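A short worksheet on the structure shown next.
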2 protein chains.
Amino acid sequence: MNLSMNNVGLADAPSAEEATRFHGVLAKLQLDPLTSEPFYQQLKRQIHNLIDSGELAAGSNLPSERMLAEALNVSRTTIKRCYNDLREAQVLSTHGRGGTQIQAKPNAGVSANRLKGFAEDMRERGMVPSSQLLSQEVVQDRMIASIFDCPSVNTFLRLVRVRLGDGIPLAREVAWYDLTLAPHMGLGLHILARQMPA
Amino acid sequence: MNLSMNNVGLADAPSAEEATRFHGVLAKLQLDPLTSEPFYQQLKRQIHNLIDSGELAAGSNLPSERMLAEALNVSRTTIKRCYNDLREAQVLSTHGRGGTQIQAKPNAGVSANRLKGFAEDMRERGMVPSSQLLSQEVVQDRMIASIFDCPSVNTFLRLVRVRLGDGIPLAREVAWYDLTLAPHMGLGLHILARQMPA
DNA sequence: AAGTGGTCTAGACCACGCA
DNA sequence: GCGTGGTCTAGACCACTTC
């Protein structure tokens, strides 16, 4: 068998030196095997919280997947699942050999978060997002048309919905979709356009 | 060793019978080991295409992870990664022993899509979502408070933003976030609450 | 009760980017 | 070139839902 790779077996050499670098982080990450919450979820939540609270600064490095796996005594796959989810959520980023880095600012407010959807934001925070449609109608509205800088004859889909996190109403949204540009939005609707009152 | 589970080793009994059920699906799924595109990506793409084209009808079943893995001669983990991604995108759903089912209609309209965020919806359609913040302010508003069924002294974050797909403005949204319930939304903002004009 | 997906393990090889 | 993340394997146990 040509196991010609990986210096597994070099003892705990890396831990000894590098552990100090991540001492602060490692001390704050703990897994509870008794709860029903999966390991990777616990980690996601804890890391996200550390970032939100500023204990993990933007731009700083997280332990490598292998290192954290060894430190927490879980498999690399579990760490990877956590890191991957956070990478997908653009909370972490990867830099070749540079490892995994924190991308979001500690307290990135709404201005940054609004690049993500509400649902995505909620899921990152470990909440279950849902949505309740209050009304939907196809309208013509000159004011909105002017905002979009398009002919005032364009029709818009007007949506009002409540956004919930864990079943609790957190936001109310009113949205106008330009049906000329996004016709798929109107699919399945059987509502005739009507004139919007001024 | 107490390998007291899984009838692995019962030969290809399941395949023989069940393969006919999924004959159409299995015949259309093929993995190319030569391309650089990962297996799970190839599968995601192919399954998504089959759904879009209507060859896989909404509500119908997909082969179980184990079965598809065996049929394509890959590990269950690889199939799972594909299925999981599609589940997260709400394209597939899971039903206990019932297996994995196709959830989205080929061209589901807004009424279904509004359970997802704008960004997610865009990404599924292969467009690049972005957002432009027009205004953000912390306000008190009795009308909104009554909608949320909460004390009228609660403060809200009022956002106006334009949603873009591939750089084209597709929607305008006005959102009110209840800062009492979602304080993290206001982090990083230095805007004093002001009274909302009636 | 049988089979499903959910989670986790312990390994392996690869491409790529810093050092 | 070395360590990183990316992909993949072959297995295991569990909770849960449907049969």
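On a predicted model such as this, the values are computed, not experimentally measured, just so you know. Reminder, nothing fancy here: chain letters follow the sequence lines and each chain counts from 1.
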Do Ser53(A) side-chain atoms and Asn49(A) backbone N/O form a donor-acceptor pair below 3.5 Å? yes
Please name all residues satisfying side-chain hydrogen bond (donor to acceptor under 3.5 Å, both in side chains) with Arg87(B), sequence neighbours left out, ordered by chain then number. Glu65(B), Asn84(B), Thr100(B)
Closest to the side chain of Arg97(A), out of dG1(D), dT9(D), dT9(C), is dG1(D)
Just to verify, which of Lys44(B), Lys80(B), Gln41(B) counts as forming a side chain to side chain donor-acceptor pair (under 3.5 Å) with Asp85(B)? Lys44(B)
Non-neighbouring partners of Thr77(A) that pass side chain to side chain contact (heavy atoms under 4.5 Å, CB included), sequence neighbours left out: Ser75(A)
In this structure, how many angstroms lie between the P atom of dG17(C) and the CG atom of Asn61(A), rounded? 17 Å
side-chain hydrogen bond (donor to acceptor under 3.5 Å, both in side chains) against Ser64(B), all qualifying residues, sequence neighbours excluded: none
Nucleotide N/O of nucleotides 5-7 of chain C paired with protein N/O under 3.5 Å:
from	atom 1	to	atom 2	distance (Å)
dG5(C)	OP1	Thr100(B)	OG1	2.9
dG5(C)	OP2	Glu65(B)	N	3.0
dG5(C)	N7	Arg66(B)	NH1	2.8
dG5(C)	N7	Arg76(B)	NH2	3.1
dG5(C)	O6	Arg66(B)	NH2	2.9
dG6(C)	OP2	Lys80(B)	NZ	3.1
dG6(C)	OP2	Asn84(B)	OD1	3.4
dG6(C)	OP2	Arg87(B)	NH1	3.0
dG6(C)	N7	Arg76(B)	NH2	2.9
dG6(C)	O6	Arg76(B)	NH1	3.2
dT7(C)	OP1	Tyr40(A)	OH	3.1
dT7(C)	OP2	Tyr40(A)	OH	3.3
dT7(C)	OP2	Arg81(A)	NH2	2.5

Using a 3.5 Å cut-off and no angle test, enumerate the donor-acceptor pairs between side-chain atoms of residues 26-37 of chain A and protein atoms at least two apart in sequence or in another chain.
from	atom 1	to	atom 2	distance (Å)
Lys28(A)	NZ	Glu55(A)	OE1	3.1
Asp32(A)	OD1	Leu34(A)	N	2.8
Thr35(A)	OG1	Glu37(A)	N	3.3
Glu37(A)	OE1	Arg45(A)	NH2	2.7
Glu37(A)	OE2	Arg45(A)	NE	3.1

What is the bend of the helix from dA1(C)-dT18(D) to dC18(C)-dG1(D) when you compare the axis at one end with the axis at the other, using five pairs each and rounding to 10°? 10°
No-H, no-angle donor-acceptor pair, Ser36(A) side chain to dA15(D) base, under 3.5 Å: no
Could you tell me the separation between the CG atom of Asp85(A) and the P atom of dG5(D), rounded to a whole number of Å? 15 Å
Could you pull out all residues at least two apart from Ser93(A) that satisfy side chain to side chain contact (heavy atoms under 4.5 Å, CB included)? His95(A), Gln101(A), Gln103(A)
